[in-house]
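Within every chain, numbering begins at 1; the chains are lettered A, B, ... in the order of the sequence lines, protein sequences first and strands thereafter. Bear in mind that the values here come from a model prediction, so they are computed numbers and not experimental data.
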Amino acid sequence: MLKKSLLGLGALLLLFPTMAFAADGDPSAATLNMGLNALWILVAAILVLLMQGGFILLETGSTRMKNAGHVAGKTIFTVGLASLVYWAVGYGITFGGDASESLNKFMGIGNFFFDPSILAGEGDSYPATIFFIFQLAFAAVSLSIAWGGFAERAKLSVYLIFTIVFAAVIYPIIAHWIWGGGWLAADGAQDYAGSTVVHLTGAMAAFAATILLKPRIGKFNKDGSANEILGHNQVFTSLSVLLLWVGWFGFNAGSAVSVGEGFFGYVAFTTQLGAAGGAVSALLISWLVKGKADIPSMLNGALAGLVAITASCAFVEPWAAVVIGLIAGVLVFVSAQFFEKIRVDDPISAMSVHGAAGVWGTLANGLFATQKLVDQVGVGKAGLFYGGGGEQLWVQFLSVVVCGAFAFAVSFVVLWVIKQVSGLRVTEEQEIIGLDLSEHGTYGYPEALKRAGTNTTSL
Amino acid sequence: MSQMDLAQRLLEINGAGTLQQLRTIREEVQERVSSLLREEYRVVPVVEALNELHDALIRRVLTLAEQDTARMGLVAPPVPYAYFLFGSGGRGEQTLASDQDSGLVYGDCADPEEAELAAAYFGALGSRIVASLFEIGYPPCEGNVIVSNPEWCLPISAWEQKVDRWFAEPSWENVRYLLILADARLLAGDAELGRRWKGRYIGDMMSHADIARRMLENTLRHKVLIGVFGQLFVEHYGENAGSLDVKYGAYIPMVNIFRLLAMRADIPATSTLGRIRALREIGALSGDKADEAAWAFEVVLRLRLLASDRDDNGQWAGSGKLRSAVLDKEEKAPLKKALRICRRLQRQLEKEMQRRFGGR
């Protein structure tokens, strides 16, 4: 009922904007506009937060039963911790306005322990509270992507320490560079909803972790060949992709941070096309190459399509969105095989889905961005195929390389230090018994698994 | 392996008095064959010689097993018996590491008492044969299609009832049994009894639409391991990563295709090359197609032989999987060509199935 009347109100306002001026004492057009923006952004923020449900199911479904409770539960814990850290420090580093002009190129300062005004101020297009929640949800997504590289072998304490560093420093600085008025923003880097900022950053942290943690026991044989460690629940994994897909409408279309003339609808539209392209091409390529249509590959393809279109959803035409998704689906399949070949154990394909596809999506702007859409968004220039020359492509390339390198380097250093000080990985026995028992004392599936170590090695 | 060599070996086998002697002969022959294969010999003469040796070894084991059974105090009943090989043995395509797939049929007895004695005798003989063959390095069939299994060691009347039941109820499993029978080859025993037993079902199978459809399905079950880009579908994971399942991805599909075509044309030959030859003679395959098919089968057969080797314990073992190290570039090209030919044949059969049975 509430939804209906709100929709009606919105529609009337769009049709008859003068209605808002109808009588004294009624809210002004600006206030109504602000209210609609606020509603949409909060809905989007909730959708993005709900994507954590997707990550829980994705990571749990792609790993083994003996770690299920740990893998699922730690996501909620780290979202909680990251929220506190981001509130205290991270948000201020991304969006704080007190830094000197030269420092501001690198990071922001101010708004630490964020204490927003309780209402939107005069002339604001949305309340700061809602913007904070929206941004926080993004930071949490990036963090959960990183966990893919830690899965099934990192100690719980490592999750705790890394969450603090990631939510306070690593993610906020990169977000500042592109979205907070930092040096890449000045260059005109196009990353509409965060292929680079959110996905590549998370993937690079995962990459650093997986290098330092080394492969899971039993993943590779002495002769270098790989073993398949199957996830324990493909239904979880499929459901996770649906959750993420739906949440992504908040991620991308929410990044319009306004309702206005309805541009966020266009963003949602290209998002759907990109995701669809990824799912279709990944299934087909796995079928053609391996002779069997691989479900995990297809699911990764859908996610890769989403990751890739995230940067470009506001800058490209519908056909290009389809192409970007199709290529992302093939890319993620090839990339996953590549990482396995170089003996990097990536249990939930974080590097391929969020890394490879994140790079591709960001670069795709340099190829497919159209002048009309660039004018609409107001960032950067048209791409190579639309008369913009190679300039935008170069800017995109630069942002990928710099952000990727920064995220990788800082994550690597932080994790290396932790490794030297307290160690990253659980003991061999703990890993074999499972992290549910070693880190938390009970199994996620107590009835399916024996408690004492009698039968656990074969899991 | 020269004719002289072979004749000499066959004589040795027939003179061998113990299983240990037979085992030694087998070892020596297999070493020789194994090196021959690597020296690029034409595969067909090698396979033929190898199978003559296998046949001779098994026949000798049968004789020794009869003697053992007699020593145990069991008296042979006054009925003839016939010993059949199924699977690769039936087709004369045994490798260096083949298992035992066998069946035994014996004559009907005059009265129930005698029948009971016969069952006991042939049961003991069957078990003795299986144990002896195991001793000289032939592991029993995993599917339990073997003479020590009472289901596969029966008097002819029971066999006939059994086969009739399979016809009457062409479930997936029963059709699989019928396909196994199609490769049956009389190795030893009474030829007349053997002919009668085979005559019972050969020629009859394809007249049942139900059975024909199921056989077609069963025949096409194994996919040829080559992709649309001409790439080989190798194993991705585990100890066998990078190896190709030559047995189920190349050899068995070809065997299945020509078995089916042969059955349809009422051809009694059991070897795949024999079936191709016969199909050509009756005009079911053109000269070109038959040459092509025979060439492809030889390529696959050679690699299948290469896929069997000694395992870590020195036992001859055939996973049917060919390590990629064995497959150099020169071997890959003909293999791919052979697989494409095989896939084309499968497609033709598939299309025919769509036409005849309206698809699945």
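No side-chain donor-acceptor contact under 3.5 Å links B:R344 and B:Q348.
Against chain B, no residue from residues 322-333 of chain A qualifies, as none has a non-hydrogen atom under 4.5 angstrom away.
Taken to the nearest 0.5 Å, the CZ atom of A:F150 stands 9.0 Å off from the CG atom of A:L212. Note that CG of B:D99 is 6.5 Å distant from OG of B:S88, once rounded to the nearest 0.5 Å. To the nearest 0.5 Å, atom CE of residue B:M254 and atom CG of residue B:L339 are 8.5 Å apart. Here B:L285 contributes atom CG and B:L261 contributes atom CG; the two are 6.5 Å apart, rounded to the nearest 0.5 Å.
Taking a cutoff of 4.0 Å between a charged side-chain nitrogen and a carboxylate oxygen, B:R302 and B:E298 do not qualify as a salt bridge.
Inter-residue side-chain proximity for B:L216 and B:R264 is flagged as met; some heavy-atom pair is nearer than 4.5 Å. At a threshold of 4.5 Å between non-hydrogen side-chain atoms, the residues A:L415 and A:V158 count as touching. At least one side-chain heavy atom of B:R91 sits less than 4.5 Å from a side-chain heavy atom of B:R275.
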Distance-only check: which donor-acceptor pairs of chain B and chain A lie under 3.5 Å?
from, atom 1, to, atom 2, distance (Å)
B:Q231, NE2, A:L288, O, 2.8
B:Q231, NE2, A:V289, O, 2.9
B:Y237, OH, A:E340, OE1, 3.1
B:Y237, OH, A:E340, OE2, 3.4
B:G238, N, A:A226, O, 2.7
B:G238, N, A:N227, OD1, 3.4
B:G238, O, A:S225, OG, 3.4

